[in-house]
Number of protein chains: 2
Amino acid sequence: MTTTDWLEDLRRERSDLGRASTAGRVADVLRTRITEGHLRPGTRLSEEDIGAALGVSRNTLREAFRLLGHERLLVHEFNRGVFVRRLTVDDVRDLYQVRRILECGAVRRVAERMDADPSIAGRWPDLLAPVRAAVEEGESAASRGEWVDVGTANMHFHQAVADLAQSPRVTEAMDHLLAELRLVFHVMDAPQAFHEAYLPGNRAILEQLAAGDLAGAESGLAAYLDTAEAQLVEAYAAGAA
Amino acid sequence: MTTTDWLEDLRRERSDLGRASTAGRVADVLRTRITEGHLRPGTRLSEEDIGAALGVSRNTLREAFRLLGHERLLVHEFNRGVFVRRLTVDDVRDLYQVRRILECGAVRRVAERMDADPSIAGRWPDLLAPVRAAVEEGESAASRGEWVDVGTANMHFHQAVADLAQSPRVTEAMDHLLAELRLVFHVMDAPQAFHEAYLPGNRAILEQLAAGDLAGAESGLAAYLDTAEAQLVEAYAAGAA
DNA sequence: GGGTGAAGGATTGTTGAACAATCCGTCAAT
DNA sequence: ATTGACGGATTGTTCAACAATCCTTCACCC
């Protein structure tokens, strides 16, 4: 790396700080509000009200809405306004379909790349560190009785599994998918119990991954996804009626 | 289905026609221009010029740009404007990583669902029809010497394979991925030869799928993706330097 | 009571003007 | 060759305005 290369890196890095547009910042604020459940599915976001509350113009707010639309957190209804997305049972099923493809695919891909390049095995503990951290985070939260944090850790676990693919696009897709799933959990009666039941399974999957039994881990993951989907569809269908 | 149900469907269907926003329509026009190669990677899209050319205001155009951003066709550079995305070799590699996960995952998922629900086998020829149509489209185009259409058909083939997952989100992700790939092909010297070499492989994959040899099809697909990636990375690295 | 149509208010979608901030290219001075 | 200043172009945002649309309410009729 030459001097101009790292200077360029530094410049780019600095330019990423404090250079977000107002539209981008507004989108961040709204995204957080939505994924944390303050703005519930079905809520209508009035340009006038939100613009006044956040102190931005309607045009800027509209740009922010467009930014959030692609994350499927908002839905634009032409001439009727913008709403926090209300997911259907079919949405839930599709989300699990995609999770199987992304998460199981990520594990399979890393197994294939290990076969092709044995030097990956030497870095495997490092690659697994975020998965391990998420499992420990969940167990720690459960021991403290912090059920919200258990759910958060469970999502970190699954994000970390998808990150094993080492693909920016897979990581981003999983990030959006988990954000959408949060909309589902906000509608559920007892999301905490949902997540907490899967802690031992996460630990088992981690140990399989650590032991190099990637096929076993993938099977465990698939079994988890099947069970979680069935449970969630049942709870969601009941709660959304 | 009751009367009110199909009336509602009809109303929704009618309401989807001619109810696109101007921002949405502008995004469509720009998307087509980009994916067809008229707006080349690296091109800067001046709000003033594009707005004047399309007869829309800058604010509307900015919304359209935000709509296209999430498809990775455009890249916003703060205070510098909006550019048609120029992909790197790492982008190409990541695209193929995601393709493996999506396309092979789709085939695997449909195999798993067939195991779980044998009635799918009765509908399999229907489900395979778009894949078959794309293969025939490609062979027809090649016999006429229409190499651009061969490339288009090849993309239809891969889109149809991903569609086997019967997941709206997978379909959309694949759609975006293929749009991005078009940006790669526009920079290549001879993209036609690239696509045409894979026609026999597509036919073989189709026949494997039709014969129910889903594992064989998945292997053929993975082999294609490995070969195509290597070839494309080599061509792209040479052409982009 | 139920159905229909009209009116009015609220809101959305879009346009255009304006201005501050930023970027980039050019030119002059060292 | 390097640095700094300047000017022009452009972006990002705000504001005001207006047409179009939607939704609610009310009046009228059967």
Side-chain angles (χ1 to χ4, degrees), chain A residues 2-4 7-30 39 42-70 73-86, chain B residues 3-4 7-8 10-30 39 42-70 73-86:
Chain A
T2 67
T3 298
T4 54
L7 272 181
E8 184 66 26
D9 283 346
L10 196 58
R11 196 171 75 92
R12 199 181 302 119
E13 199 168 311
R14 205 203 68 188
S15 76
D16 286 344
L17 305 173
R19 291 189 54 97
S21 62
T22 302
R25 280 200 235 100
V26 166
D28 288 342
V29 167
L30 292 176
L39 293 175
T43 305
R44 185 162 156 289
L45 308 189
S46 142
E47 295 176 4
E48 192 83 40
D49 295 343
I50 305 272
L54 295 177
V56 299
S57 81
R58 278 181 57 219
N59 285 117
T60 300
L61 185 58
R62 292 180 63 84
E63 283 194 43
F65 285 159
R66 297 298 194 184
L67 285 173
L68 286 172
H70 87 270
L73 297 181
L74 297 183
V75 57
H76 268 76
E77 293 188 22
F78 190 66
N79 267 338
R80 295 191 65 245
V82 173
F83 300 79
V84 179
R85 189 183 288 272
R86 204 193 302 262
Chain B
T3 297
T4 53
L7 273 180
E8 183 66 28
L10 196 58
R11 195 171 77 92
R12 199 181 302 116
E13 200 169 310
R14 206 204 65 186
S15 77
D16 286 344
L17 305 172
R19 293 191 50 100
S21 62
T22 301
R25 280 201 235 98
V26 167
D28 288 343
V29 168
L30 292 176
L39 294 176
T43 306
R44 188 164 155 287
L45 308 188
S46 142
E47 295 177 2
E48 190 82 41
D49 295 343
I50 304 271
L54 295 178
V56 300
S57 82
R58 278 180 58 218
N59 285 314
T60 301
L61 186 57
R62 294 180 62 84
E63 283 195 42
F65 285 160
R66 298 297 196 182
L67 284 172
L68 287 171
H70 86 271
L73 297 180
L74 298 184
V75 56
H76 269 76
E77 294 188 20
F78 189 67
N79 267 339
R80 295 191 66 244
V82 173
F83 300 79
V84 179
R85 189 182 290 271
R86 203 192 303 263

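Computed from a predicted model, the values in this text were never measured in an experiment. These values consider heavy atoms only, across backbone and side chains, with no hydrogens, waters or symmetry-generated copies.
Checked by atom type and distance alone, the side chain of Arg62(A) never pairs as donor or acceptor with a backbone atom of Glu63(B) at under 3.5 Å.
Summarising the geometry, the separation between CD on Glu77(A) and P on dG13(C) is reported as 10 Å, rounded to the nearest angstrom. Atom-to-atom, CD of Glu48(B) to P of dG8(D) comes out at 17 Å; the value is rounded to the nearest Å. For the pair Leu61(B) CG and dG12(D) C1', the computed distance is 13 Å after rounding to whole Å. Residue Glu63(A) contributes atom CD, which lies 13 Å from atom P of dT14(C) at whole-angstrom precision. Asn79(B) places its CG atom 11 Å from the P atom of dA21(C), with the value rounded to the nearest Å. Rounded to a whole Å, the CG atom of Leu45(B) is 14 Å from the C1' atom of dT10(D). Here dT21(D) presents its P atom at 8 Å from CZ of Phe78(A), a figure rounded to the nearest Å. Going from atom CZ of Phe65(A) over to atom P of dT11(C) covers 13 Å, rounded to whole Å.
Closest to the side chain of Glu47(B), from the set dG12(D), dT14(C), dC15(D), is dG12(D). The side chain of Ser46(A) lies closest to dT12(C) when the candidates are dT12(C), dG16(C), dC15(D). Nearest to the side-chain atoms of Val56(A) among the listed nucleotides dG13(C), dG12(D), dT14(D) stands dT14(D).
For CD of Glu77(B), the number of neighbouring non-hydrogen atoms (other residues, nucleotides, ligands) closer than 6.0 Å is greater than 12.
Contact check, Arg80(A) against dT12(C): no side-chain N or O comes under 4.0 Å of OP1 or OP2. Considering only side-chain N and O atoms, Thr60(B) lies under 4.0 angstrom from the phosphate OP1 or OP2 of dT15(C). Taking 4.0 angstrom as the limit, Arg62(B) places a side-chain polar atom (N or O) nearer than this to OP1 or OP2 of dG12(D). Contact annotation: Arg44(B) reaches the phosphate of dT11(D) (side-chain N/O to OP1 or OP2, under 4.0 Å). Applying the 4.0 Å criterion to OP1 and OP2 of dT14(C), one finds that Thr22(B) has a side-chain N or O inside that range.
Looking at Arg66(A) and His70(B), their side chains never come closer than 4.5 Å, going by heavy atoms from C-beta outward. Using a 4.5 Å heavy-atom cutoff, the side chains of Leu74(A) and Val84(A) are in contact.
No N or O donor and acceptor, one from the side chain of Arg58(B) and one from the base of dG16(C), sit under 3.5 Å apart. One can find a donor-acceptor pair under 3.5 Å joining the base of dG16(C) and the side-chain atoms of Asn59(B).
Among the heavy atoms of the strands, none lies under 4.0 Å from Gly51(A). Within the 4.0 angstrom heavy-atom criterion, only backbone atoms of the sugar-phosphate kind lie near Gly55(B); the bases stay farther away.
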As a quick check of understanding, evaluate side-chain contact (heavy atoms from CB on, under 4.5 Å) for Leu30(B) and Ile50(B), giving each step before the final call.
CA-CA 10 Å; Leu30(B) 292 176; Ile50(B) 304 271; 4.2 Å; yes
